[in-house]
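Okay, structure first, notes after.
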Amino acid sequence: MDQKLLKDAKQHQNGDYALTGDIEHAQLGMFDKPLPCFGCGVGWFSLLLGFFCPLFWYYATILYFGNYYHKDPRERAGLAANAIAALIFTVVVLIVVAIILF
């Protein structure tokens with residue numbers, strides 16, 4: 001296997017063809033496929049849907065704390081945004097309920 005990689009690297013240096021992967025970083029092309037939910041990922045899609053039904057924010061927060069982003073690190077930012085949105089929504093609801101009851 002190592003001989004094949006060395007041969008490929010030598011041919012690449014000669015300009016015969018371009019490598020599609022990296023010899024040192026085998027996972028480089030691992031995330032080339034598009035994200036689910038119309039390409040924006042579960043996290044950002046849940047954030048948008050959460051404005052219509054806030055339960056989506058809590059669902060994505062559970063995914064975030066369940067380390068769902070280890071499957072695809074591109075999901076991490078969207079899931080974290082949902083956790084923040086769920087926290088803000090919860091605080092606002094608690095303040096509104098406290099004002100109404102007291």
Side-chain angles (χ1 to χ4, degrees):
M1 181 67 178
D2 290 332
Q3 292 295 331
K4 182 181 182 301
L5 291 176
L6 291 174
K7 180 181 174 187
D8 288 343
K10 186 164 179 68
Q11 286 179 345
H12 176 65
Q13 288 175 348
N14 293 337
D16 293 340
Y17 66 94
L19 293 174
T20 57
D22 192 0
I23 295 173
E24 297 172 358
H25 303 286
Q27 293 182 339
L28 199 58
M30 187 175 179
F31 303 114
D32 286 342
K33 65 179 184 170
L35 290 169
C37 298
F38 307 105
C40 65
V42 174
W44 292 114
F45 192 70
S46 295
L47 183 71
L48 294 175
L49 286 178
F51 289 105
F52 300 105
C53 179
L55 293 176
F56 283 104
W57 290 334
Y58 295 106
Y59 168 71
T61 301
I62 291 169
L63 290 178
Y64 179 68
F65 287 120
N67 293 331
Y68 177 78
Y69 56 84
H70 283 305
K71 293 181 183 177
D72 192 344
R74 298 177 292 173
E75 294 278 0
R76 187 175 196 167
L79 294 174
N82 279 287
I84 294 168
L87 176 68
I88 292 170
F89 179 75
T90 303
V91 169
V92 168
V93 167
L94 289 175
I95 291 172
V96 168
V97 168
I99 290 173
I100 291 173
L101 291 179
F102 299 113

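We number each residue from 1, following the sequence as shown.
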Ignoring hydrogens, what is the shortest heavy-atom contact between [X] and [Y]? Give both atom names and the distance.
X	Y	answer
Ala86	Tyr58	O-OH, 3.6 Å
Gly78	Trp44	CA-CE2, 3.5 Å
Asn82	Gly43	ND2-O, 2.5 Å
Ser46	Phe56	O-CB, 3.7 Å

So do [Y] and [X] actually touch side chain to side chain, heavy atoms under 4.5 Å?
X	Y	result
Tyr59	Leu55	no
Tyr64	Glu75	no
Tyr68	Leu79	yes

Can you get from [X] to [Y] by hopping between Ile, Leu, Val, Met, Phe, Trp and Tyr side chains that sit under 4.5 Å apart?
X	Y	value
Val93	Trp57	yes
Phe65	Leu63	yes
Val91	Ile99	yes
Val92	Phe51	no

